[in-house]
Structures are given as C-alpha cells and as structure tokens.
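In what follows, a single structure is set out as structure tokens and then discussed.
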Amino acid sequence: MSRSATTIEIDRPPVIRSGPLRWLKENLFSTWYNTLLTVGSLAIALLLAVLFGHWALTEAHWAVIPANLKLLFVGTYPLDQLWRIWATLYMVALFLGFSGGLHRGLILQIALMVAAATVLLALLPFAWATRLWILATALSTLVGFGLGRLTRQSRTSRWLEISLWLLSFPLTLVLLKGGLFLPVVGEAHNVGGWNKWGFMLNLLGAVVGITLSLPIGILLALGRRSSLPAVRLVSTLYIELIRGVPLITLLFMASNMLPLLVPTTFRPDIVIRAMMTITAFSAAYMAENVRGGLQAIPQGQFEAAYAVGLGRMLTTLLIVLPQALRAVIPAIVGQLISLFKDTTLFGFIAILELLGMVDSVLGNLQWRGTIFELYIFIGFIFWIFCYSLSYISRRIEKNLGVGER
Amino acid sequence: MGEPMIIAEDVHKWFGDFHALRGINMTVEHGEVVVICGPSGSGKSTFIRTINRLEEHQRGRIVVDGIELSHDLKNIEAIRREIGMVFQQFNLFPHLSVLQNVTLAPIWVRKWKKSKAEKIARALLERVGIPEQADKFPGQLSGGQQQRVAIARALAMQPKIMLFDEPTSALDPEMIKEVLDVIVELAESGMTMVVVTHEMGFARQAADRMIFFDEGQIVEIGTPEHFFTDPQHDRTKLFLSQILQK
C-alpha cells in the first residue's frame, strides 16, 4: 500500500496467537532435550508427590496438630484467661477495620484479607464455640470498618486513628500480661513466665522488632551519612559491629552474659532481652537498606529543596526519606520477613516459641515420632505469614508507583 | 533605584586546584534582567549557583537584598527564601503531585495555610499555562511542562529574584518556546532575573544587560544591542560567530 500525506496508515501490533496447547509446545516441548527434561522432571515430581501423599494420608499422625493446637499457639497461657488473647485480636482487627474505613486503598485490602482469612479458618473443623471466637474477629473488622466509614469526614477521627494505634502497644501488653485492672498472667495461675507462650511470642517478637527497628534503622542510616564526625563514627561502629556477629551469638550474650554485667535490680526478663536483641540486630541491617535508598537520591533533589528554602531537616523528612524508603521497600520487607523467621532462634535461649514448643509436644509419650507432622505444620504457618507480608509489599510498591515510571 | 539587588565583589571559587571563578565583579539592579552567556566550563553556572549558595564562594563578597552571604545558616536560609531557582534538569520532586510540588515550600517554610497555598499554586499553574496538570505527577509530564512546573514552584515562594540555570538546555527543540514564553512574560512583569542561557534570541528580546563569561572571568558587559552588534573583545566575537551560525 502506498502512503500519502493525507492518509496515514496505522500499523497494528501483530496479534500473538496463544492457547494452552501452543504454550505447552513453545515452553515445554520445543526441542527434543526440552521434551526429555519436561518428562523427566514431571516423573520426579510425580514420584515425590506419591511418596508424600502416601505418607501424609496413611502413616502421618495428624492428630498431633489439633490435640496440641493450643500449646503450639499460646503455650502455657492459662485456659480460663484465653479471652484476653481473643480480645487483643479483636482490638487489632477493630483498628485495622477502622483504618480501612478511613482510607480505603491498601489498608482496606489488608483488613479484608484478615477478615477473609478468619472466615476461612472458621470453616475448619473446630468446636462451635471456637468458631464463634474466630468469627468475632471478622465481625470486629467489619464494625471497625463501619465506624471508619461513618467518621471519615471528621478531622478528629484521623487523630483518633493515630492515637489508637499508638495505644495498641501498651493495651496489648496489659491485655496479654496483666497489670492495671487485669490480673498478671503467670503469678495468679502458677504457669511460669511469658517465655512459654508458643507462637504468640514469635508474633510479639516480630511486631515489636518491626515497629522499633525501622525507625532506629532510619536514624542509624541518617547518622552514618551525617556531617558530624562523632555521630557518623558511632553509627558506623554500631552497624558494622552488629552486622559482624551472628544473631544467635547476640542472643546468647543477651541471655548468658548480660546477667553477669548488669546488677540484678536492672535486669529485664529473658523475653524482653530477646526482643531488644532482635530489634538491635535488625536495626543494623535496616540501616544499611535505608542507606542504599539514601544514596540513590540525586544531588539535584537536595539542591531543589534547598533552593526553595527548605532547611536540612525538612529536606530530609519531606524530600529525601520518602523517596529513599520507597526505593528500598522490597529490601525492607525482606528484612522484616527474615526478622519474623529469626524469632524462632529464641528457642535456643530457653524461650518456648513455636519451634521450641515442638520439643515440649514431642516430650509427651503419646506424640513420640510426630516430628515431621509438627515441622510441616510449622513450616506452613510461617509460610502463610511470610507470603502475606511479601504480597502486601508488592501491593505497596504498586500503589506507590503512581506516576513514577 | 537604591541599593542593587545583587552585589558580587571579587568572587573566587576553586574546585580542588581548578580555579573556576577568578574575581567576578558585578551588580544586578531591582527589576533588571541579566543574561549570562559563555562557552561551557566558563563558570557561568557556578557563579549563578553561588548567589543562593548552592556553591560556596571562597574569596570576595556577595550581598543579596542587603544580606551578605556568610557561613551563618540563618542568613543563607533567609536569602534562599527570597530567591527562586530553576534548574537545567527541572529537579521536580517525583514523589509529589504537581500541586504538592508547588505548595510544599509555601506551606512548610512560609507557614501558609494549605488552602491559601493551593489557591496561589493553582493561579501560578494557570500563569505558566498548565492548570489542568495540577494533580498529575512529574513523571507523567513532558519536559517543557515539567520545567514550567519548576518555574511555578519557584514563584510560589514569591521571590524577589529568579535565577535560571540553562532552563532550556535539557528540552527538546519544540518545547523550548513554551518555556521561553513563560520566562519572557516573567521578565516583562518586572522580576529581577539572572538567566544563564545559550538562547540568543531570548537574550536579545528580554535582557537589559548581557554578560559574557570565559575562563572564570567576565570578559564583556553591555546592553544586548551593543553586545550583538559591536562586541569589543575577540573572544566574544568568536563565541557569537559560533553560536549565531547555528
């Protein structure tokens, strides 16, 4: 066809034919050695699946999981006080729903994910009473959402939201451990300290570690780039010292050496020490992640900020940090995920978290030899939480990608 | 006219051993538009950046609006509030919308109410001809639009002086005019301006005075008419013949 000045041909991109058969041919059977690889790996995968399926369906004693569910998740927490754990969950679900109602967007998606997960959970063969306890979580998310929607116009609800989330930390502590108006768990019930709380300790350790290590890490990263030599030196020393030592060594130091160095009057209990250690450890890595983001900010951004009259502080807060953090979200979330998994190392310093609880369960003669079942279950639990985290991080990246290219 | 807006006396600047500015003496009066030109590496960008102290001068004196530039951070920030700057590479804040880019400094530095800042910002976007882009992000705009946002951002602080550091050098040819039109309009409104540029057509149209830089020194100062028709120095003649041939 000839082109003239008046009619311009628009070339459409070629249509690519697709379909399952074509995909199979192109990706799995394109050459003889690809065919060989496909068939071979399929055979191996099938063999493994059959072997595992056989074991899982005929030999495995899955009864160990439901029988010890309470022990694995909340350890020696007294049965008649379990409502306090539920209450904590409802509180978080309520706040999450409230934030979701106020802002919609990502936070609402997270709230809905939690609600959906609890509904799914309630479908499992639990006792009816347990199902009601579980479903109440979804209910409080909905209530929170409703409240958020209703009050989204008012300015005070934003302040309320922030103060509620800040309050959620002491509230959680009081609800779970006791104090104020609630009896202290452990003393009154003669079940020992909170170092035997199973999976709850992994969650608490992770939440505390995540919320504290991020701000500390940011401060350290800024400190390492500070123009004040003393600040720079201290930050660099801290980061390099911590990063040069394995976490398990730090945990052992916190559990064994600290008592020798610090007078008895000032000695936090082992769980607090473990949380402090994992926070300190994670903060050093966080600092390096954030520093990577800081270095990616072009000089022109600083100059433009200074030129419109922003001081150093405001430039850092408004221009540099938002861009730097955004650039390193994947690295930060990776760090958070590994922090969550690292809480299983608490087991080495006499803290019975989820992994440590396995030994307690195996110590019961009735459940001897169920180690695979337990570890598979634990792996599954960790996978659910870690995968959710990385899913959320991908959503955040996508949401923040607006107009960035 | 009173005291000049900008006074530079014997300004020197070194980058390591390289002597970038070798004794610059000049003044800019209220409402005057000064265009600086010269070959690349002649120190013209460095000089304009010393005026709001993005570069520090190492000898001599710079006085802006009656305040002398010194190590006193308070002075520097006070002066920067009164000087708007437009960069070759736009340097918009990519994580903020166009409107937020323009209102950021008025809200945080001038402490204006958000509603007031946004009202003025929208008026400025109107003035630079892109009111409909207010809610987009910089990455979604063309180069010419980005540079016009950058001009609006600088103007939002209601500066007494505007500095332009090669504002059209990073633009595609068809976008240069839309940006120059805005700058010309600004010049005609009586703003005190220092413009580093190679756009000689613009200089002839808008400049009150031309300054020619070479090797860190001022070679020639004069009115555009004098500058283009009767340059005194051989270096200026050579530069003009090269640049006007294009």
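We use all heavy atoms of the structure for the numbers below, so side chains are in, but hydrogens, waters and symmetry mates are not. Labels below follow one simple rule: chain letters A, B, ... track the order of the sequence lines, proteins then strands, and each chain is numbered from 1. If you're wondering where the values come from, they're calculated on a predicted model, not measured in any experiment.
Heavy-atom distances place the backbone of B:Ile83, and not its side chain, under 4.5 Å from chain A. If you measure heavy-atom distances from B:Ile76 to chain A, you find no contacts under 4.5 Å at all. In this structure, the portion of B:Arg49 lying under 4.5 Å from any heavy atom of chain A is its side chain and not its backbone. Contacts between B:Phe93 and chain A at a heavy-atom distance below 4.5 Å involve backbone atoms as well as side-chain atoms.
At distances below 3.5 Å, at least one donor-acceptor pair connects side-chain atoms of B:Asn91 with backbone N or O atoms of A:Gly300.
Atom NE2 in B:His95 sits 7.5 Å away from atom CD in A:Gln301 (nearest 0.5 Å). Here CE of B:Met157 is found 7.5 Å from CG of A:Leu310. Values are rounded to the nearest 0.5 Å.
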Could you go through residues 386-396 of chain A and list every donor-acceptor pair under 3.5 Å that involves a side-chain atom there, pairing it with any protein atom two or more places apart or in another chain?
{"residue": "A:Ser388", "atom": "OG", "partner": "A:Ile384", "partner atom": "O", "Å": "2.6"}
{"residue": "A:Ser390", "atom": "OG", "partner": "A:Tyr387", "partner atom": "O", "Å": "3.2"}
{"residue": "A:Ser393", "atom": "OG", "partner": "A:Ser390", "partner atom": "O", "Å": "3.3"}

Show me, pair by pair, the donor-acceptor contacts under 3.5 angstrom made by side chains of residues 311-318 of chain A, not counting sequence neighbours?
{"residue": "A:Thr315", "atom": "OG1", "partner": "A:Gly311", "partner atom": "O", "Å": "2.6"}
{"residue": "A:Thr316", "atom": "OG1", "partner": "A:Arg312", "partner atom": "O", "Å": "2.9"}

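In A:Trp165, the CH2 atom is crowded: over 12 heavy atoms of neighbouring residues, nucleotides or ligands sit closer than 6.0 Å.
Pairing each heavy atom of B:Pro94 with each of A:Gln323, the nearest pair is CG-OE1, 3.2 Å.
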